[in-house]
Amino acid sequence: MSASIATGPSGFTVNELAACVIAREIRDDDLIFVGVGTNGRAFTLAVGIPLTAARLAQLRQAPGATVYWGNLLDPDLSRMPDNLRQDSLTRWQAAACPADTGFKCDMLARSRFDVSFESAAQVDRYGNLNITAIGEYAQPSVRLVGCLAQPEHLAFVRKPIIVVDLDRRTFVEQVDFVTSVGHRVRGTPRSEFGLPGPGPALVVTDKAVFDFGAEGAMRLRSLHPGVSAEDVLSRMGFEPALPQGDIPVTQAPTYEELSLLREVIDPSGVMMRV
Amino acid sequence: MKNKLVSLEAALAPVQSGATLAIGGSLLRRQPNAAVRELIRRGVKDLTLLTWATTTATDMLAAAGAVRRWEGIYAGMFSHGLAPNFRRGVQSGAITVRDFSECAIVARFRAAAAGLAFMPVRSLLGSDMATRNPEQIRPMACPFTGDKLHAVAAAEADFTIIHGYAGDRYGNVQWPVVRDSDDIDQLMASGARRLIVTVEKIIPHEQVKAQPTLTYIPGQWVEAIVEVPHGAHPVACDSLYDEDEEHLRLYLDHAKTPDSMGSYLDRYVRTPRTHDEYLQASGAAARLPSLSVQQG
């Protein structure tokens, strides 16, 4: 974890780099789904980096981008709560708070969302995600939380972005339980299932960024500055496809991006603490 | 209109072992915990639970060995991690689970509310939720377009238990103007067969009548309404009080082993005879003023 928050020789943290990579993927007027997350590192990955990236995009190329968070449409990201106790969420100002979450489900199912963010205990070669159970489903070695709306994200959202740390336990050849469907499940290509959305677009980690290439297999898109391909491959349970020729380096944050992150968006550093 | 205001004991008396219960609330918010403690006190077992994002309600029932099966979108402890007792129950094979996505569980409750046996969804195509649950998730073709769909079975519960904000003696339950709406309590209520609602406060019927658009659960749907102030403790009732972090930590400390969790249940659930006694025993009573978030 310390590597994530340390400011490296290049002058930015891995979390700042991830937020900038994601922010550049957001277009003006995008509707962005951010989950509620938990605490510690899981909070940073599921909530902190996505909300920071959304705000950065709003302040740069995407002033019309909006976020759906909890059951709030367009919460005021210029006034993020400094804690996650219930009342801070209850009173967070927003444009809309639909009467129940069923409305959000309908918006998902009608493909109204452009971008979503995904955490997972397991991610496999084809971008299938598991947040449900490790081991055999009926009597698992680790029972996780369930499914939430993540299946809908991968089924319906235009550009789902997976945000996880690169780790052999997470990046597995085949997830134990397919909570959310990627580009191929046990040999069956996504196109045969009849899902309307295109499936996962990017995997942003603390070491590298991946996309999905031919046949929907995960492909190394860029290495973060100072990270070697060997290091990345040693942290994965399968070998991703590699780009032709030299592997690009993830574009570092600019001075302007870093200034916005540190001085405007999150000056007290609550969003990406770990 | 008929008076439906009864005691917690009387409201829950019809709930017997083996029942299927739909339980309202979401995450650390409006879990009907006082009702759950009453069921544990009575020794009700062998329950099937249908939930949205559940935390303490399901985890306490799991700790008491009262859960046979769970169906829902999430069972955990939100910012406090996984649900330890539920997790042990599933990992030991004692609790059978059937997972659903948010669209799928909404569809199941909408089917129940509409009096239909199923509702179609597209969300589960290719997912193991479907492959592992052929009884409740069945492939079907759209009769108009031929598109691939799943039929998901209606969420038919014997009893539905919800913790609400305020209501009158006739069972009309109202929500405040500013609240956290990230749940499906109203939908669950509309599809209920026998609906039991605990509320923070009983208010005069005159007050309800002045603002009928705030009534999200009409009395016609309700079998029993009970006044249980702080009935969601140790979780929050949005707009009224925050979650009790101190008690949640105490709960999770006890939840580390089945033995210590057993002592928790004895001390805080089975020994107190009433909800008031629970609030005293749990130390909540002393902390209530600091947990209040009421404005104006």
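A, B, ... follow the sequence lines: proteins, then strands. Residue 1 opens every chain.
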Donor-acceptor contact present, side-chain [X] to main-chain [Y], <3.5 Å:
X	Y	result
B/Gln186	A/Asp100	no
B/Asp242	A/Asp87	yes
B/Lys148	A/Leu195	no
B/Ser181	A/Pro98	yes
B/Ser123	A/Glu152	no

Could you check whether [X] pairs with [Y] (Lys NZ or Arg NE/NH1/NH2 to Asp/Glu carboxylate O, under 4.0 Å)?
X	Y	value
A/Lys104	B/Glu102	yes
B/Asp128	A/Arg186	yes
B/Asp238	A/Arg91	no

Which heavy-atom pair separates [X] from [Y] by the least distance, and what is that distance?
X	Y	value
A/Ala138	B/Arg132	N-NH2, 4.3 Å
B/Phe86	A/Arg143	CE2-NE, 3.8 Å
B/Gly126	A/Val178	O-CG1, 4.0 Å
B/Met129	A/Cys147	SD-SG, 3.5 Å

With a 4.5 angstrom heavy-atom cut-off, is it the side chain or the backbone of [X] that approaches chain A, or both, or neither?
X	answer
B/Ser92	backbone
B/Leu27	side chain
B/Arg88	neither
B/Tyr241	neither
B/Ala107	neither
B/Thr96	neither

B/Asp99 side chain to A/Thr132 side chain, donor-acceptor N/O pair below 3.5 angstrom | no
Please classify the contact between [X] and chain B as side chain, backbone, both or neither, with a heavy-atom cut-off of under 4.5 Å.
X	answer
A/Phe156	side chain
A/Val145	both
A/Val142	both
A/Thr90	both
A/Glu136	side chain
A/Ser88	neither

Counting only heavy atoms not in A/Gln93, do more than 12 fall under 6.0 Å of its CD?
-> no
Check the pair B/Gln91 / A/Gln139 against side chain to side chain contact (heavy atoms under 4.5 Å, CB included), numbers first and verdict last.
-> CA-CA 5 Å; B/Gln91 290 172 191; A/Gln139 200 170 333; 5.8 Å; no
Residue, of [options], that accumulates the most heavy atom pairs under 4.5 Å with chain B:
options	value
A/Cys105, A/Gly194, A/Gly146	A/Cys105
A/Ala99, A/Ser180, A/Gly40, A/Ala155	A/Ala99
A/Leu89, A/Leu72, A/Asp106, A/Val185	A/Asp106

Stepwise, does the side chain to side chain contact (heavy atoms under 4.5 Å, CB included) test hold for A/Gln86 with B/Phe78?
-> CA-CA 11 Å; A/Gln86 179 57 51; B/Phe78 189 45; over 6 Å; no
Who wins among [options] for the most heavy-atom pairs under 4.5 Å with chain A?
options	answer
B/Ser239, B/Ser101, B/Gly76	B/Ser101
B/Val97, B/Asp185, B/Leu240	B/Val97
B/Met77, B/Gln295, B/His80, B/Glu245	B/Gln295
B/Asp183, B/Ile105, B/Val235, B/Leu149	B/Asp183
B/Ala236, B/Gly89, B/Gly93	B/Gly93

Please report the interatomic distance [atom1]([X]) to [atom2]([Y]), rounded to the nearest 0.5 Å.
X	Y	atom1	atom2	answer
A/Cys97	B/Asp182	SG	CG	8.5 Å
B/Ser127	A/Phe193	OG	CZ	9.5 Å
B/Thr131	A/Tyr137	OG1	OH	9.0 Å

Is there any residue in residues 48-56 of chain B with a non-hydrogen atom under 4.5 Å from a non-hydrogen atom of chain A, and which ones are they?
->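 Heavy-atom contacts from residues 48-56 of chain B to chain A are B/Trp52.
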